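Since this is a predicted model, take the numbers as computed values, not measurements. As the structure lists them, so they are numbered: ligands from 1, and atoms in each ligand from 1.
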Amino acid sequence: MNRREILHLNDTQEILDEPTVALFSESLRGPLIQPGDPDYDDARAIYNGMIDKFPAFIVQCADVADVMSCVNFARDNKILTAVRGGGHNGPGLGTCDRGLVIDMSRLNGIRVDPKAQTARVGAGCTWGDVDHATHPYGLAAVSGIMSTTGVAGLTLGGGHGYLTRKYGLSADNLLSADVVLADGSIVTASEDEHADLFWALRGGGGNFGVVTSFEFQLHPVDHVQAGPMLWDNTHAPELMRRYRDFLEDAAEELYAFFTFLQVPDSDPFPQALRLQRMCGLVWCCIGDEEQTRDAIAPLMESLPEPAMDGMQTMSYPAVQSMFDVFYPSGLQWYWKGAFIDELTDAAIAEHMKHGLNVPTPESTMHLYPIDGAVQAKAQDETAFSYRNSRWSQVIVGVTDNPAQNHQMIDWARDYYRAIEPYSAGGTYVNFMMEEGDKRLRASYRDNFDRLVDVKSTYDPGNLFRVNQNIKPRRAGRDGPSSKGRAA
Ligand SMILES: Cc1cc2nc3c(=O)[nH]c(=O)nc-3n(C[C@H](O)[C@H](O)[C@H](O)COP(=O)(O)OP(=O)(O)OC[C@H]3O[C@@H](n4cnc5c(N)ncnc54)[C@H](O)[C@@H]3O)c2cc1C
């Protein structure tokens with residue numbers, strides 16, 4: 001598709017005249033990339049290789065002023081607009097066809113305040129960038145489980161990871177955010193300023209504006225006890241049960257997610273296990289080796305010897321990048337998520353029917369614990385609503401071979417259908433594909449109407465709609481909107 005075709009096919013507007021585009025380009029410090037430009041294909045590529053979209057404009061913003069220009073240009077010319085952080089979103093909501101992509105990746109500066117144990121993080125950073133900046137101070141942020149994921153999308157959806165049992169969600173550690181709103185203005189949202197917006201940003205996704213930087217609380221985490229332990233699949237039901245029971249009373253310093261997987265065909269996995277379907281736990285525990293081994297002894301003594309015990313002392317950045325090599329950009333991804341309140345024996349029986357059959361070497365199922373500190377906040381304290389669930393589950397079909405897409409998508413869907421009756425109803429928005437309004441509402445439950453209020457206040461025209469979209473109320477048709485922007 002050439003530039004003219006893409007511009008002409010734009011659903012929301014006619015071809016833009018050259019002077020309008022030239023004026024826009026002149027207002028920017030970062031590059032404006034369009035179809036036909038030599039770097040267009042690189043610039044439009046996102047992490048999920050299954051998504052192949054052709055934006056009309058990609059702006060790699062150099063600063064906040066560029067973001068404001070983009071927002072004004074998009075709004076004034078009615079251009080469909082996507083905002084991209086790390087580009088890891090499953091359904092590819094960091095890009096769009098025939099519209100504008102506001103690419104934040106160049107806004108990747110970080111300033112650590114070691115005294116206050118906080119960091120101001122540019123919205124284009126990945127978690128690897130954050131680790132690199134904070135680790136020299138012996139500090140870490142609550143992030144996810146991979147270093148290549150974007151800070152922005154993960155945090156705005158809630159964000160859970162290796163430190164979550166101890167320190168809560170990434171969003172729980174957000175102190176403030178700078179946000180460019182749909183009218184082109186910039187505000188800081190925190191508990192004290194624009195508190196309604198701040199509430200919504202902590203779980204409500206990219207619906208409310210373009211976040212240009214995040215201020216996070218950090219924690220004194222330097223080295224941890226981490227790595228995978230693997231068992232033969234014959235032990236899977238027992239492992240799942242023992243893990244469930246152990247975690248219920250385990251100290252918040254102890255974190256492990258459960259996984260079904262095919263063992264990667266590379267180091268550090270023993271030759272004899274490679275490409276076998278297995279089950280396992282991936283640990284990340286705060287404490288020294290002796291303390292940790294003692295603390296997990298009751299679980300280990302109740303189980304057969306693992307076929308691989310990869311738990312070792314690792315730096316936090318090493319833990320976060322442990323899986324990066326197995327999941328390079330460009331693979332085909334499809335996933336289904338669910339919140340789980342209770343892992344019943346009946347649910348475990350369903351897991352066995354599907355989890356033992358992961359269809360490709362990269363596909364997997366993870367049960368991420370979200371108990372502990374996440375439950376210290378009330379359900380309505382932030383937009384993230386499932387604070388009484390114990391796990392956030394994701395069934396991930398991944399392959400490097402598009403010919404296997406049907407196979408891995410069918411597996412993920414069948415697995416999800418089997419688990420759904422045992423789930424809490426909604427799903428983590430960052431583990432949704434494009435699943436419709438009903439599913440989105442179920443994922444916010446009682447917080448949904450308040451999110452609609454905030455959306456109606458800050459983005460009444462729904463400029464920011466390439467996301468898990470919370471639609472604003474239509475004036476005069478959908479009941480009262482909120483009272484106007486609260487400072
Ligand atoms: C390999 C992998 C591992 C993952 N592991 C975890 C995990 O451990 N824990 C977890 O919680 N999640 C995890 N996720 C899910 C992840 O949180 C989502 O995919 C998330 O959307 C990624 O954010 P991003 O910035 O990289 O994505 P993008 O595709 O860039 O953006 C995602 C969404 O956020 C919006 N957005 C991005 N930047 C901004 C901004 N600056 N302002 C406003 N809106 C913005 C976009 O519009 C889009 O809707 C993982 C995903 C992958 C692919």
Side-chain angles (χ1 to χ4, degrees), residues 45-51 53 61 64 67 70-71 81-96 101-105 107-108 121-128 142-164 169-171 177-182 189 200-201 203-214 255 257 282 284 319-321 323-324 326-331 333-335 337 362 364 366 368-370 374 384 392 394 396 398 427-434 458-459 463-470:
I46 56 165
Y47 187 76
N48 185 353
M50 205 189 282
I51 313 283
K53 298 210 167 170
C61 295
V64 173
V67 178
C70 286
V71 168
T81 301
V83 184
R84 186 189 310 166
H88 262 214
N89 189 260
L93 297 173
T95 187
C96 59
V101 172
I102 304 178
D103 179 341
M104 303 294 286
S105 58
L107 271 79
N108 59 359
V121 175
C125 288
T126 63
W127 286 109
V142 177
S143 48
I145 64 146
M146 298 237 337
S147 81
T148 52
T149 306
V151 168
L154 183 140
T155 302
L156 294 171
H160 53 67
Y162 288 124
L163 301 180
T164 286
L169 303 172
S170 305
D178 288 346
V179 192
V180 174
L181 302 175
L201 290 176
N207 274 286
F208 311 98
V210 186
V211 176
T212 57
S213 73
F214 298 86
Y255 176 96
F257 71 79
V282 177
C284 178
V319 180
Q320 268 248 111
S321 48
F323 297 121
D324 292 359
F326 304 117
Y327 292 102
S329 187
L331 301 178
W333 284 72
Y334 181 87
W335 58 32
E362 301 87 357
T364 185
H366 290 173
Y368 299 112
I370 51 166
V374 180
F384 184 93
S392 169
V394 68
V396 200
V398 192
T427 186
Y428 175 38
V429 285
N430 277 342
F431 291 158
M432 274 176 87
M433 298 303 280
E434 292 190 87
Y458 287 90
D459 184 18
L463 178 65
F464 303 111
R465 62 181 177 278
V466 182
N467 43 43
Q468 297 296 352
N469 193 226
I470 294 161

May I ask you to list the atoms of ligand 1 that are less than 4.0 angstrom from any heavy atom of Gly209?
-> 42 (N), 43 (C)

Atoms of ligand 1 close to Gly86 [distance to a heavy atom under 4.0 angstrom, numbered from 1] | 24 (P), 25 (O), 26 (O), 30 (O)

Check the angle between the aromatic planes of His160 and Tyr368 and answer parallel, tilted or perpendicular using the 30° and 60° thresholds.
-> tilted

Which atoms of ligand 1 have any heavy atom of Ala123 under 4.0 Å away?
-> 41 (N)

Work out whether the distance between some heavy atom of Gly92 and some atom of ligand 1 is less than 4.0 Å.
-> no

Atom 17 (O) of ligand 1 sits nearest the protein heavy atom Asn430 ND2, 3.1 Å

Ligand 1 atoms nearer than 4.0 angstrom to some heavy atom of Asn467 are 49 (O)

Report the part of Tyr47 (side chain from C-beta onward, or backbone N, CA, C, O) that has a heavy atom under 4.0 Å from ligand 1; answer both or neither where that applies.
-> side chain

Closest non-hydrogen atoms of Ser329 and Ile46, given as atom of the first, atom of the second and distance, are OG-O, 3.9 Å

Val83 to ligand 1: N or O pair under 3.5 Å?
-> yes

Polar proximity ligand 1 side, Thr149 side, N/O cut 3.5 Å exclusive = no

When you measure from atom 23 (O) of ligand 1 to every protein heavy atom, which one gives the shortest distance, and what is it?
-> Gly153 CA, 3.2 Å

side-chain contact (heavy atoms from CB on, under 4.5 Å) partner of Tyr458, the single match among Val179, Leu463, Leu181 = Leu181

Parallel, tilted or perpendicular: which fits the ring planes of Trp335 and Trp333, with parallel below 30° and perpendicular above 60°?
-> perpendicular

Quick one: look up the protein heavy atom nearest atom 12 (N) of ligand 1 and list residue, atom name and how far away it is.
-> Leu154 CD1, 3.5 Å

Does even one non-hydrogen atom of Ala82 get within less than 4.0 Å of ligand 1?
-> no

Got the closest protein heavy atom to atom 22 (C) of ligand 1, with its distance?
-> His88 CB, 3.7 Å

What part of Phe326, side chain, backbone, both or neither, has a heavy atom within less than 4.0 angstrom of ligand 1?
-> neither

Has ligand 1 got any nitrogen or oxygen that is less than 3.5 angstrom from a nitrogen or oxygen of Met146?
-> no

Phe257 vs His366 aromatic rings, parallel, tilted or perpendicular, using cut-offs 30° and 60°?
-> tilted

Protein residue, atom and distance nearest to atom 33 (C) of ligand 1, heavy-atom basis = Asn89 ND2, 4.1 Å

Under 4.0 Å between heavy atoms, the region of Phe464 that gets near ligand 1 turns out to be neither

Sub-3.5 Å N/O-N/O distance, Val210 and ligand 1 = no

If you measure from each heavy atom of Phe214 to ligand 1, is any distance below 4.0 Å?
-> no

For atom 11 (O) of ligand 1, what is the nearest protein heavy atom, given as residue, atom name and distance?
-> Tyr428 OH, 2.6 Å

Residues forming a side-chain contact (heavy atoms from CB on, under 4.5 Å) with Ala123, sequence neighbours excluded | Met104, Phe214

In ligand 1, which numbered atoms sit nearer than 4.0 Å to a non-hydrogen atom of Val466?
-> 47 (O), 49 (O)

Can you find a pair of side-chain heavy atoms, one from Leu201 and one from Leu156, that are under 4.5 Å apart?
-> yes

Decide whether the shortest distance between a heavy atom of Gly157 and an atom of ligand 1 is less than 4.0 Å.
-> no

Looking at Gly144, which atoms of ligand 1 are within less than 4.0 Å of one of its heavy atoms?
-> 7 (C), 8 (O), 9 (N)

Should Trp335 be counted as touching ligand 1, given the test is an N or O pair under 3.5 Å?
-> no

Near Gly85, which atoms of ligand 1 are under 4.0 Å from a heavy atom of that residue?
-> 25 (O), 28 (P), 30 (O), 37 (C), 38 (N)

Numbered in order shown, the ligand 1 atoms found under 4.0 Å of a heavy atom of Gly159 are 11 (O)

Identity and separation of the nearest protein heavy atom to atom 28 (P) of ligand 1 = Gly87 N, 3.4 Å

With only distance considered, is Val211 within less than 3.5 Å of ligand 1 through an N or O on each side?
-> yes

Candidate pair Asp178 and Thr212, rule side-chain hydrogen bond (donor to acceptor under 3.5 Å, both in side chains), full reasoning = CA-CA 6 Å; Asp178 288 346; Thr212 57; 4.6 Å; no

Where at least one partner belongs to residues 83-93, residue pairs that pass side-chain hydrogen bond (donor to acceptor under 3.5 Å, both in side chains), sequence neighbours excluded = His88-Thr148, His88-Thr149

Hey, are the side chains of Cys284 and Gln320 touching, using non-hydrogen atoms and a 4.5 Å cut-off?
-> no

Mind checking whether Tyr255 and Tyr162 have parallel, tilted or perpendicular rings, split at 30° and 60°?
-> perpendicular

Between Tyr368 and ligand 1, find which residue part has any heavy-atom pair under 4.0 Å and reply side chain, backbone, both or neither.
-> neither

Would you call Phe208 a ligand 1 contact, heavy-atom distance under 4.0 Å?
-> no

If we only count heavy atoms from C-beta on, is the Val396 to Tyr327 side-chain gap below 4.5 Å?
-> no

Does any N/O atom on His160 come nearer than 3.5 Å to any N/O atom on ligand 1?
-> yes

Contact check: Gly206 vs ligand 1, nitrogen or oxygen atoms, below 3.5 angstrom | no

Among all protein non-hydrogen atoms, which one is nearest to atom 14 (N) of ligand 1, and what is the separation to 0.1 Å?
-> Phe431 CE2, 4.0 Å

Atom SG of Cys96 and atom CD1 of Ile51: how far apart are they, to the nearest 0.5 Å?
-> 12.5 Å

Looking only at heavy atoms, is any part of Leu156 under 4.0 Å from ligand 1, and if so is it the side chain, the backbone, or both, or is it neither?
-> side chain

For ligand 1, is there an N or O atom under 3.5 Å from any N or O atom of Gly150?
-> yes

